[in-house]
Amino acid sequence: MQDIVLYNTITRKKEIFVPIKSPFVGMYVCGPTVYGDPHLGHARPAITFDLIFRYLKFIGYKVRYVRNITDVGHLENDADEGDDKIAKKARLEQLEPMEVAQYYIDRYQKFMDMLNILRPSIEPRASGHIIEQIDMVRKIIEAGFAYEVNGSVYFDVAKYNEKHNYGKLSGRVLDDLLANTRELEGQDEKRNPFDFALWKKASAEHIMHWPSPWSDGFPGWHLECTAMSTKYLGETFDIHGGGMDLLFPHHECEIAQSVAANGKESVKYWLHNNMITINGQKMGKSLGNFITLEEFFTGNNKALTQAFSPMTIRFFILQAHYRSTLDFSNEALQAAEKGLKRLMDGMDTLKKIKPSDNSSVDVEKYFSDCYAAMNDDFNSPIVISILFDAVKTIYSAYDDKEKLTSADIEKLKKLFENFALEILGLNDDTANQYSGSVDGLMNLILALRQNARTNKDYAASDKIRDELAKLGIVIKDTKDGASWSKE
RNA sequence: GGUCUCUUGGCCGAGUGGCUAGGCACCGGUCUGCAAAACCGCCUACUCCGGUUCGAAUCCGGAAGAGACCUCCA
C-alpha cells in the first residue's frame, strides 16, 4: 500500500493517511443542493473527490464513498425564516417539490457521468432520512445542547462552547464572532445569533414538511450530513470533503452536532477543495457569475468563445491542485483542450512504436514519480506533467530518437492505463465512435487518396483532405501511412 | 471591521533554500508534394522593500494588490 500524505484542514498540516480500520476507508463529501442546474463550481469537488476515490481504490483500499443529495432543508435566506429553496422553486413552476428535486438530480447525475465521475457508493437523499435527523435532534436535546422554541429546535452554541471548542475547524473564536455579528431579522427565537436550527417549524405556506415531536416542519440544513454520515460510515470515519466555502459554518456545525449527539468528533481528515474563479472572483450561485456545465458542453453562453467537451473540463480542473484556486478563461480552457489532445494522441502513438533490443529511457521512474505525486496530497498537476514527459518519450521513440524494448512499451501502456485513464479518469471523448463499416469506408477513402498521391495527382488528394476536413475529419499523414480522427 | 489565504514568464499552472515542472501561445529549424501532425531549438518568471544566509522566488518582518469566510453557495 502506498503511503499517502494529505492536508488536513483541521490541523492545517499535511499528515500521513492512516485509515481507522484499514483497508476500509469511509469518505463523506457534501453533494449538491438540487434546486438549480449544475455549474462549473459543482464539477470541482466532484472531480477532486472522484480522483481521491479512484486513487484510494487503485492502491487497494476498500472505500465506501458517500455523497449526499440535499433535496430539502436549505433555507432561502439567512434568517432561517425563509422558504425552503426547493419549495419556493416548486411554487414558481407549479410542480411538486420532489418533481423539481428529481429533475435536478437527474441533471446532476447526467453531467457528472459525462465528466466520467464515478458514482459514489451511496448517494443518500436528505428527504429520505428525516427519521435519522429527528433522532439526532432528540439526542442533542437530551445531551443538553439544544432548546425548543415554538416548535423549532436550535443548537445552543454558547453552551456547547463552554465544554467544547466551537470554531476549531475554521479557526474562529466564538467571542470574536459574537463581537462582530450582524443584527439579522427574524432571529428572535434564538438565544444567540450564532445558534443554528436543528429543526424548523413549517409555516402555513411551506410545502415540504414532516411530522416530528416538536412540530410539522423540516430539518436544519447542517443536520443531514451529520445524520447520514453517521448512518452509513459510523460515528467516526476517515475523510470528510467539500468545498472551502462550506468550512464555516456548515462543517463547523457538523462537528458540533457530532460531538453533541455522539460524544465525539466523527471526522479524522477534513479535506477542502478550493474555488473556481472567473475574472478573479469566485464562481458561485449567489454572485450569478456561474456558467452551467450544459453551457460549457454546448458553448451556449456569452462568456464562452466555443464549446468545451466534458473531458476538457475534467482535464482543466485536474491540471490545478485541488487546494489552489483555479481561474477560468477561454484561453485556459483552449490550452487544456489542446494539452489533452496531445496526451491522448501520445497514448495512441504508443501502439505504433517498433520495439528495440534495449531501452534508452527509464520507464520505471515514470511510475515512481506518478505515485510520489499522488501520494503527496493527490497532486494531479504533477502526474499530468510526468505523463507529458512520457508522451515526449513516446514521440521520440516513434521518431527513432529514443529506444524502447517491447517490455517497456507495455509498461508505458500500463502507465497511461493506470494513471491517465483509471486514476485521473481521463478518456478520449473525441475518439472515433464509428462502427466497423465507417472504418472500412474511411480506409477505402484513404487508400484512394494514397493512390492519387502516388500518381502525383495532388489536386485529387487535397480535395479529399479538404472535403473531409469540412466534415470535421482530420487526416494525419505519418511515415506509416495516413490516419484519421474526428476533430 | 474580524479571521484566513494568495501574488510565479504572453496565458494557465507546479515546485524547491543552491541543480530554476508541465501545458498552451509565439518565433526559428527538421520532416512533408504542400499542409497538418510529430520532432529539435528558442523565449527563462517568481508583486515591492528590508532582514537571516556562503546562497532566497523559496525562511522571517513590513508594504501594496487580489481573494475567501464571517449570510445561501461546490
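Letters A, B, ... mirror the listed sequences (proteins, then strands); counts begin at 1. Worth saying up front: this structure is predicted, and the values here are computed from it rather than measured.
Contacts between residues 330-340 of chain A and RNA chain B, defined by a heavy-atom separation below 4.0 Å, involve A:A332, A:A335, A:K338, A:G339, listed by number.
Checking A:S324 against A:N274 by side-chain atom types alone, no donor-acceptor pair falls below 3.5 Å. A side-chain donor from one of A:S360 and A:E402 sits under 3.5 Å from a side-chain acceptor of the other. With hydrogens and angles left out, the side-chain atoms of A:T393 and A:Y366 include a donor and acceptor closer than 3.5 Å.
Computed from coordinates, the A:F328 CZ to B:rC11 C1' distance equals 14 Å when rounded to whole Å. Counting to the nearest Å, the C1' atom of B:rC69 and the NE2 atom of A:H272 are 12 Å from each other. Taking atom CG of A:L247 as the reference point, atom C1' of B:rU71 lies 16 Å away to the nearest angstrom. Rounded to an integer number of Å, the gap from CG of A:D195 to P of B:rC70 is 17 Å. Rounded to whole Å, the distance from CG on A:N375 to P on B:rG15 is 15 Å. With rounding to whole Å, A:F388 atom CZ is found 12 Å from B:rC12 atom C1'. At whole-Å resolution of the value, CG in A:L326 and C1' in B:rG67 are 14 Å apart. Rounded to whole Å, the distance from CG on A:L174 to P on B:rU3 is 15 Å.
A:R342 forms no cation-pi arrangement with A:F388, by the criterion of a distance under 6.0 Å to the ring centre and an angle within 45° of the ring axis. At least one cation-pi condition fails for A:R67 and A:F49: the charged atom is not both under 6.0 angstrom from the six-membered ring centre and inside a 45 degree cone around its axis.
Applying the salt bridge (charged side-chain N to carboxylate O under 4.0 Å, His left out) rule to A:K470 yields the partners A:E467; only residues at least two apart in sequence or on another chain are considered.
The heavy-atom pair separating A:L446 from A:A482 by the smallest distance is CD1-O, 3.8 Å.
For B:rU5, neither phosphate oxygen OP1 nor OP2 lies less than 4.0 angstrom from any side-chain nitrogen or oxygen of A:N274.
Here, B:rC60 and B:rG65 have their P atoms 22 Å apart, quoted to the whole Å. Of the P atoms belonging to B:rC48 and B:rA37, the separation is 37 Å, rounded to the nearest Å. Nucleotides B:rA45 and B:rA21 are separated by 13 Å at their C1' atoms, to the nearest Å. If you take atom P in B:rU3 and the same atom in B:rG61, they sit 16 Å apart, rounded to whole Å. Here the separation of B:rC39 from B:rC73, taken at their P atoms, is 46 Å to the nearest Å. Rounded to a whole angstrom, the distance from the P atom of B:rA57 to that of B:rU47 is 10 Å. Separation of the P atoms belonging to B:rG23 and B:rC43 is 16 Å when rounded to the nearest angstrom. Using P as the reference atom, B:rA36 and B:rC24 are 16 Å apart when rounded to the nearest Å.
Of the nucleotides present, B:rC12 is the one that pairs with B:rG22 by Watson-Crick or G-U wobble criteria, both distances under 3.5 Å. Pair check for B:rC46 finds none; no Watson-Crick or G-U wobble contact set falls under 3.5 Å. Base-pair partner of B:rC69: B:rG2 (Watson-Crick or G-U wobble, both distances under 3.5 Å).
Nucleic acid contact for A:I276: base, since at least one base atom lies under 4.0 Å from a heavy atom of the residue. A:H321 comes within 4.0 angstrom of sugar-phosphate atoms only, judged by non-hydrogen atoms across all strands, and of no base.
Between A:Y371 and A:Y55, the ring planes are tilted. Angles from 30° to 60° get that label. Taking the six-membered ring for Trp and thresholds of 30 and 60 degrees, A:H222 and A:F196 have ring planes more than 60 degrees apart, a perpendicular arrangement.
Sorted by first and then second residue, the pairs that involve residues 279-291 of chain A and meet salt bridge (Lys or Arg N to Asp or Glu O under 4.0 Å), not counting sequence neighbours, are A:D245-A:K282. Under the ring pair (Phe, Tyr, Trp, His ring centres under 6.0 Å) criterion, the residue pairs touching residues 322-343 of chain A are A:F296-A:F328, with sequence neighbours excluded.
Counting heavy atoms from C-beta outward, A:M311 and A:M114 have side chains that stay 4.5 Å or more apart. A:H251 has its side chain within reach of A:C30: a pair of non-hydrogen atoms, C-beta onward, lies under 4.5 Å apart.
Residue A:F194 places its side chain closer to B:rU71 than to any other of B:rG22, B:rU71, B:rA14.
The line from CD of A:E417 to CD of A:E422 is 8.5 Å long, rounded to the nearest 0.5 Å.
The residue among A:G41 and A:I386 whose nearest nucleotide of RNA chain B lies closer to the 5′ end is A:I386. Nearest-nucleotide assignment on RNA chain B puts the 5′-proximal partner with A:R12, out of A:S324 and A:R12.
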Can you tabulate the close N/O pairs, meaning under 3.5 Å, that link protein atoms to atoms of nucleotides 42-45 of chain B?
none

Does the protein touch nucleotides 33-39 of chain B at the base, only the backbone, or not at all? Give it as B, S and - per nucleotide, heavy atoms under 4.0 Å. BBBBSSS
